Student: 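Sharing a structure with you now.
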Amino acid sequence: MSSEPEIGSSSTTAPEESGEKISKKAAKKEAAKQEKLRRRQEQEEAASKTSSLSLEDESFFSNYGDVTLTELKSTEDPKAGKWREAVEGMGKEWTDVRDLVEEIVGSEVLIRGRLDTNRTKSSKLGFVILRQSGFTVQCVATHSEENKVGVNMIKFLRQLSSESIVDVIGVVVHPKEPLTGTTQQVEVQVRKVYCVNSALPKLPLIVEDAARSEADIEAGKPGANQDTRLNNRVIDLRTSANQAIFRIQGQVQVAFREYLLSKGFLEIHTPKLMAGSSEGGSAVFRLEYKGQPACLAQSPQLHKQMAICGDLRRVFEVGPVFRAEDSFTHRHLCEFVGLDVEMEIETHYSEVMDIVDELFVFIFTKLNERCQKEFEAVGKQFPFVPLKFLPKTLRLTFPEGIQMLKDAGVEVDPLGDLNTETERKLGQLVLEKYKTEFYMLHRYPAAVRPFYTMPCADDSRYSNSFDVFIRGEEIISGAQRVHIPEVLEQRAGECGIDVKTIKTYIDSFRYGAPPHGGFGVGLERVVMLFCALNNIRKTSLFPRDPQRLAP
């Protein structure tokens with residue numbers, strides 16, 4: 001009786017016909033041969049499967065991939081590559097992510113965004129979330145012969161890195177279940193997808209970490225500190241809160257210009273290179289200008305006054321201001337955007353305060369009308385209570401403010417300036433008594449104001465000047481200016497300013513000058529306090545402070 005060892009196929013078996021027993025060496029050799037054959041068969045089967053996938057996806061190849069450099073060079077050739085063919089062939093305008101709403105369900109759209117999240121459920125189903133200016137939408141790629149979406153497209157999606165720039169062509173549809181992880185409540189069924197630019201696989205800052213609220217961080221979720229965010233500001237700016245902050249900032253400038261232009265003001269641009277300082281003191285950036293000493297303008301003060309003397313009557317400026325601040329505080333910067341105003345005065349310096357009153361009530365009202373979505377985005381990361389302000393802004397004299405502080409048990413110099421602590425305390429007292437977080441304090445002591453501030457007529461210890469406060473912090477300084485040359489020279493000397501360096505400024509008043517006044521406000525500080533943020537660096541695009549000169 002014989003046996004047949006099941007080593008391989010029946011054609012290779014070796015029965016013991018002669019009755020001789022197969023040696024162990026021969027059996028081992030035969031087993032190795034059969035194992036080699038088995039592996040070859042597996043490789044052929046795998047190759048066959050790969051070939052099948054390639055054949056399956058071959059007709060879909062033009063629907064996905066990386067955009068080539070030639071295509072990105074703004075070529076006018078519509079057949080330069082599959083991305084350009086797809087985009088040009090679609091014949092539609094780009095759709096913003098924020099405009100992907102229920103009303104356009106069923107429409108085919110062309111969108112671009114950053115890859116925020118990437119999830120692959122299987123070889124035939126992939127999800128990506130695209131982010132554009134703080135708005136997010138879910139895009140779903142499902143294997144479909146009809147839509148020419150193959151498994152290789154899903155594989156392509158899976159290998160895309162976060163923050164890459166991606167274009168998607170697809171159809172807007174209702175999601176099967178309500179979406180909680182995106183701002184848009186519709187999703188896009190992907191038909192075509194192209195990577196315009198790949199981000200590094202590992203980034204120095206993750207947007208999700210930069211977007212954490214303090215409550216999330218306290219709950220143990222990963223976050224990023226301020227220095228890390230500012231060191232990688234380009235990535236940090238991509239968070240929804242930052243996108244909203246700088247849109248709010250833009251609307252402040254729009255409303256500022258809108259109101260002033262309606263009141264007959266002219267926008268001007270003054271030089272930022274000065275022969276002498278505009279404010280006095282040591283907080284000035286000095287430099288050499290073609291062999292002579294110069295400095296960066298601490299404000300447009302002198303030149304906007306000269307513009308008034310040039311009969312421009314009412315002027316304003318939005319531009320950079322430089323202060324060589326030595327203090328590293330939550331509200332000081334070495335460079336910020338100044339919103340400055342100067343105007344003729346007809347009878348009384350209160351005319352300037354009237355403009356401030358109407359201007360900022362207008363700005364705040366317009367922000368509340370135009371920026372509700374932005375407030376929501378900021379509030380998710382930095383919760384805040386809306387600013388309380390009155391239709392007619394509260395005005396208190398400096399002595400009245402001092403008395404409120406004294407009545408509350410706070411000791412202050414009646415002829416000195418307020419420090420940060422006393423400003424905040426007064427702000428609390430005003431809120432409790434008058435129900436407003438926006439108010440004016442005027443008739444400041446002359447000793448704490450710049451040399452060009454007009455003294456009060458009834459008491460030379462005080463001046464025709466004012467400060468304006470939001471949430472207990474000063475945002476505006478303003479005053480009637482001295483337009484009498486002799487008085488200016490005297491005041492400049494008393495403040496330690498070399499009169500020779502501002503000779504052209506003083507001389508402009510010798511040729512006939514109308515009474516005038518004005519004010520200046522820091523744009524970043526307005527936004528910071530309006531949104532109750534805790535640091536001005538959050539409202540400066542690329543902050544410059546005593547320790548930061550980059551990026």
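Bear in mind the structure is a predicted one, so any value in this text is a computation, not a measurement. Only heavy atoms go into these numbers, but all of them, side chains included; no hydrogens, no water, no symmetry mates.
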Student: Taking all non-hydrogen atoms of both residues, which atom of P386 and which atom of E437 are closest, and how far apart?
Tutor: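 That would be O-OE1, 4.0 Å.
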
Student: Look at atom CD of E76 and say whether more than 12 heavy atoms of other residues, nucleotides or ligands are closer to it than 6.0 Å.
Tutor: no

Student: Are the side chains of V149 and N63 in touch, meaning some heavy atoms are under 4.5 Å apart?
Tutor: no

Student: I'd like to know whether CD of E421 has more than 12 heavy-atom contacts from other residues, nucleotides or ligands below 6.0 angstrom.
Tutor: no

Student: If you define the side chain from C-beta out and look only at heavy atoms, does anything of M153 sit under 4.5 Å from V190?
Tutor: yes

Student: Between E342 and H303, do the side chains contain a donor N or O and an acceptor N or O under 3.5 Å apart?
Tutor: no

Student: Search all heavy atoms of A307 against all heavy atoms of I268 and return the closest pair with its distance.
Tutor: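 Between these two residues, the closest heavy atoms are CB-CD1, 4.0 Å.
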
Student: Taking the six-membered ring for Trp, are the ring centroids of F469 and F438 within less than 6.0 Å of each other?
Tutor: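 Between F438 and F469, which both carry aromatic rings, the centre distance is not below 6.0 Å.
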
Student: Ignoring hydrogens and angles, write down the donor-acceptor pairs under 3.5 Å from the side chains of residues 534-545, residues two or more places apart or on other chains.
Tutor:
| unit_1 | atom_1 | unit_2 | atom_2 | d |
| --- | --- | --- | --- | --- |
| N534 | OD1 | K538 | NZ | 2.8 |
| N535 | OD1 | R537 | N | 2.9 |
| N535 | OD1 | R537 | NH1 | 2.9 |
| R537 | NE | D545 | OD2 | 2.8 |
| R537 | NH1 | T329 | O | 2.9 |
| R537 | NH2 | T329 | O | 3.2 |
| R537 | NH2 | D545 | OD2 | 3.4 |
| T539 | OG1 | E524 | O | 2.8 |
| T539 | OG1 | I536 | O | 3.0 |
| R544 | NH1 | P551 | O | 3.0 |
| R544 | NH2 | L549 | O | 3.4 |
| R544 | NH2 | P551 | O | 3.0 |
| D545 | OD1 | Q547 | N | 2.8 |
| D545 | OD1 | R548 | N | 2.9 |

Student: Listed by chain and number, what are the ring pair (Phe, Tyr, Trp, His ring centres under 6.0 Å) partners of F382, not counting sequence neighbours?
Tutor: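 F382: no ring pair (Phe, Tyr, Trp, His ring centres under 6.0 Å) contacts found.
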
Student: Please tell me whether F256 and F265 form a close aromatic pair, meaning their ring centres lie under 6.0 Å apart.
Tutor: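 Between F265 and F256, which both carry aromatic rings, the centre distance is not below 6.0 Å.
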
Student: What heavy-atom pair brings N118 and V128 nearest, and what distance separates the two atoms?
Tutor: OD1-CG1, 3.8 Å

Student: Can you check whether F519 reaches L339 side chain to side chain, under 4.5 Å on heavy atoms?
Tutor: no

Student: Got more than 12 heavy atoms from elsewhere within 6.0 Å of CG, L431?
Tutor: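 Check passes, neighbour count above 12.
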
Student: Which pairs, with at least one residue in residues 372-383 and sequence neighbours excluded, count as a side chain to side chain donor-acceptor pair (under 3.5 Å)?
Tutor: none

Student: A side-chain contact here means heavy atoms from C-beta on lying under 4.5 Å apart; do V193 and V166 qualify?
Tutor: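 Heavy-atom side-chain distance check passes, below 4.5 Å.
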
Student: Give a yes or no on this: more than 12 heavy atoms of other residues, nucleotides or ligands lie within 6.0 Å of atom CD of E208.
Tutor: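 Atom CD in E208 is not packed in, count stays at 12 or less.
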
Student: Using 0.5 Å steps for rounding, measure from the CD atom of E85 to the CG atom of D77.
Tutor: 8.5 Å

Student: Are the side chain of Q185 and the backbone N or O of V101 linked by a donor-acceptor pair below 3.5 Å?
Tutor: no

Student: Can you check whether I235 reaches R238 side chain to side chain, under 4.5 Å on heavy atoms?
Tutor: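 Yes, their side chains come closer than 4.5 Å.
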
Student: When rounded to the nearest 0.5 angstrom, what distance separates CG in L533 from NE2 in H330?
Tutor: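 It comes to 11.0 Å.
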
Student: Please give me the minimum heavy-atom distance between P175 and V186, naming the atom from each residue.
Tutor: CD-CA, 4.0 Å

Student: Could you give the distance from CZ (R114) to OG (S162), rounded to the nearest 0.5 Å?
Tutor: 11.0 Å

Student: Give, for atom CD of E177 and atom CD of E187, the distance between the pair rounded to the nearest 0.5 Å.
Tutor: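 One finds 10.0 Å between CD of E177 and CD of E187.
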
Student: Only counting residues at least two apart or in another chain, list the ones meeting side chain to side chain contact (heavy atoms under 4.5 Å, CB included) with A210.
Tutor: L205, R229, D236, T239

Student: Could you work out, with salt bridge (charged side-chain N to carboxylate O under 4.0 Å, His left out) as the rule, every residue matching R370, not counting sequence neighbours?
Tutor: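 Checked R370 against salt bridge (charged side-chain N to carboxylate O under 4.0 Å, His left out); matches are E258.
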
Student: Considering residues, nucleotides and ligands other than E102, do more than 12 of their heavy atoms fall under 6.0 Å from its CD?
Tutor: no

Student: Return the minimal non-hydrogen interatomic distance between V109 and I104, and the atom names on each side.
Tutor: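 Looking at all heavy atoms of both residues, the closest pair is CG1-CD1, 4.3 Å.
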
Student: Restricting to non-hydrogen atoms, name the atom on L302 and the atom on M274 that form the minimum distance, rounded to 0.1 Å.
Tutor: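 For L302 versus M274, the nearest heavy atoms are CD1-CE, 3.8 Å.
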
Student: So, taking the atom named NZ in K155 and the one named NZ in K124, what distance separates them when rounded to the nearest 0.5 Å?
Tutor: 15.5 Å

Student: Answer yes or no for K82 and F61: cation-pi contact, defined as NZ/CZ to six-membered ring centre under 6.0 Å and angle to ring axis within 45°.
Tutor: yes

Student: Quick one: do I111 and L100 satisfy side chain to side chain contact (heavy atoms under 4.5 Å, CB included)? Show the steps, please.
Tutor: CA-CA 9 Å; I111 62 175; L100 297 174; 4.2 Å; yes

Student: Strictly under 6.0 Å, is that where the ring centroids of F336 and F322 end up?
Tutor: no

Student: Considering only NZ, NE, NH1 and NH2 on the basic side and carboxylate oxygens on the acidic side, decide whether R525 and E473 come within less than 4.0 Å.
Tutor: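 E473 and R525: not salt-bridged.
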
Student: How about OH on Y289, more than 12 heavy atoms from neighbouring residues, nucleotides or ligands closer than 6.0 Å, or not?
Tutor: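 Counting other residues, nucleotides and ligands, OH of Y289 stays at 12 neighbours or fewer.
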
Student: Applying ring pair (Phe, Tyr, Trp, His ring centres under 6.0 Å), which residue pairs with at least one partner in residues 151-191 are found, sequence neighbours left out?
Tutor: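 Counting only pairs at least two positions apart or across chains, the ring pair (Phe, Tyr, Trp, His ring centres under 6.0 Å) contacts touching residues 151-191 are Y64-F156.
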
Student: Heavy-atom count around K272 NZ within 6.0 Å, excluding the residue itself: above 12?
Tutor: yes

Student: Do other residues, nucleotides or ligands put more than 12 heavy atoms under 6.0 Å from K92 NZ?
Tutor: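 Atom NZ in K92 is crowded, with more than 12 foreign heavy atoms closer than 6.0 Å.
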
Student: Could you give the distance from CD1 (I363) to CZ (F530), rounded to the nearest 0.5 Å?
Tutor: 10.0 Å

Student: Among side-chain atoms of R424 and Q428, is any donor-acceptor pair under 3.5 angstrom?
Tutor: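 On atom types as modelled, these side chains do not qualify, holding no pair under 3.5 Å.
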
Student: Would you call R191-E108 a salt bridge at under 4.0 Å N-O?
Tutor: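 Salt bridge flag = no for E108 with R191.
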
Student: Is a side-chain donor-acceptor pair under 3.5 Å present for T136 with D116?
Tutor: no

